[in-house]
Amino acid sequence: MTDLTQAMTVVADYYKDHAIKQKGGKMYLQVVHRVEAFRRVLGAEFGIDTKIIVDDGHRVVVKAIVTNKDGITVGSGMAEEIRGQGHVNTTSALENAETSAIGRALASLGLSGGEYASANEMEAVPRKAESIKQNQTVAVEKQDPPSQQSPAPSEPPKEMTREELDEKHDKGVWQDMKSRLRQMKHVNNVHTLFEDMKPKIQEIKQRNPEAAQHIVKLFLDAEDKLTAGE
């Protein structure tokens with residue numbers, strides 16, 4: 001029997017006496033007992049080393065490797081914890097991640113505790129899910145409110161019909177004449193402007209007699225007003 005096989009047998013014996021019940025009813029042998037069995041059989045010939053991969057104040061990621069007496073990696077495992085998620089991670093997220101990583105590294109050698117994931121990892125699932133949910137909520141809240149976001153592209157302006165263009169033109173002529181006649185001081189100026197506008201008024205009259213009549217009325221009113229004031 002090889003040393004590693006013997007260690008697996010010891011872990012199996014520890015499982016009978018020290019396994020604890022997890023949520024859902026499954027039994028689990030904690031990492032501390034598996035490390036004890038590992039050292040009991042293999043002593044100092046095999047090594048367990050851990051390395052911090054990420055520690056940014058929010059996430060902690062630790063990698064654990066198991067090496068044989070020749071320094072060759074024979075097993076490894078990684079674990080992640082979220083700082084502040086759960087009672088343990090409020091103060092000991094790094095230690096928690098290291099323990100989980102060691103448990104996975106041992107499990108990769110066959111020294112599992114009943115499940116490949118550690119007990120801490122199984123308990124961490126709801127914590128990590130809640131953290132992801134909170135981060136998504138914060139990201140949504142940081143987005144600009146609808147009033148500050150770029151407005152949706154507007155539809156191109158509707159092309160005007162020939163009748164609408166003519167109506168707009170005629171109204172513009174009426175407004176222009178009203179403004180110019182209001183500034184005149186002598187009736188002769190009214191007559192001069194009327195003579196200049198005759199061709200335009202005649203053109204408008206051919207398609208819209210009513211619009212032409214309103215324009216002519218502006219001249220008549222201006223003439224009456226100035227004549228009365230002389």
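Quantities reported herein were computed from a predicted structural model and do not represent experimental measurements.
A salt bridge does not link K225 to D221: none of the charged side-chain nitrogens sits closer than 4.0 Å to a carboxylate oxygen.
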Original post:
Going through the checks in order, is the side-chain contact (heavy atoms from CB on, under 4.5 Å) test met by M27 and I20?
Top reply: CA-CA 5 Å; M27 302 301 292; I20 60 175; 5.6 Å; no
Original post:
Does the pair N96 and V60 meet the rule for a side-chain contact (heavy atoms from CB on, under 4.5 Å), with working shown?
Top reply: CA-CA 9 Å; N96 199 12; V60 178; over 6 Å; no
Subject >> Test side-chain contact (heavy atoms from CB on, under 4.5 Å) applied to S100 and R104, step by step >> reply: CA-CA 6 Å; S100 295; R104 292 183 66 83; 5.6 Å; no
**OP:** Check step by step if side-chain contact (heavy atoms from CB on, under 4.5 Å) holds for K168 and K171.
**Re:** CA-CA 5 Å; K168 183 177 180 180; K171 185 175 181 180; 5.9 Å; no
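At least one side-chain heavy atom of V173 sits less than 4.5 Å from a side-chain heavy atom of M197. With a 4.5 Å cut-off on side-chain heavy atoms, V216 and K205 do not count as touching. Within the 4.5 Å cutoff, the side chain of K51 has no heavy atoms near those of the I65 side chain.
Q213 contributes atom CD, which lies 11.0 Å from atom CD1 of I215 (distance to the nearest 0.5 angstrom). Distance CG/L29 to CZ/R34: 6.0 Å, rounded to 0.5 Å. The CZ atom of R207 lies 4.0 Å from the CG atom of D170; values are rounded to the nearest 0.5 Å. Here the NE2 atom belonging to H169 is positioned 3.5 Å from the NZ atom belonging to K200, to the nearest 0.5 angstrom. Annotation: the span from D49 atom CG to I102 atom CD1 amounts to 9.5 Å, rounded to 0.5 Å. Atoms NE2 and CG, on H33 and D13 in that order, are 13.5 Å from each other to the nearest 0.5 Å.
More than 12 heavy atoms of other residues, nucleotides or ligands shown are found within 6.0 angstrom of CD on E195.
The main-chain N or O of A105 is found under 3.5 Å from a side-chain atom of S108 such that the two form a donor-acceptor pair. Here the side chain of R39 pairs a donor or acceptor atom with the backbone of F46 at under 3.5 angstrom.
Nearest heavy-atom pair across A222 and V190 is CB-CG2, 4.2 Å. When all heavy atoms of L111 and M8 are compared, the pair lying nearest together is CD2-CG, 3.4 Å. Nearest heavy-atom pair, G103 versus V31, reported as atom, atom and distance to 0.1 Å: CA-CG2, 3.6 Å. Scanning both residues, A101 and A79, for their nearest heavy atoms gives N-CB, 3.5 Å.
Between F194 and F219, the ring-plane angle classifies as perpendicular under the 30° and 60° cut-offs.
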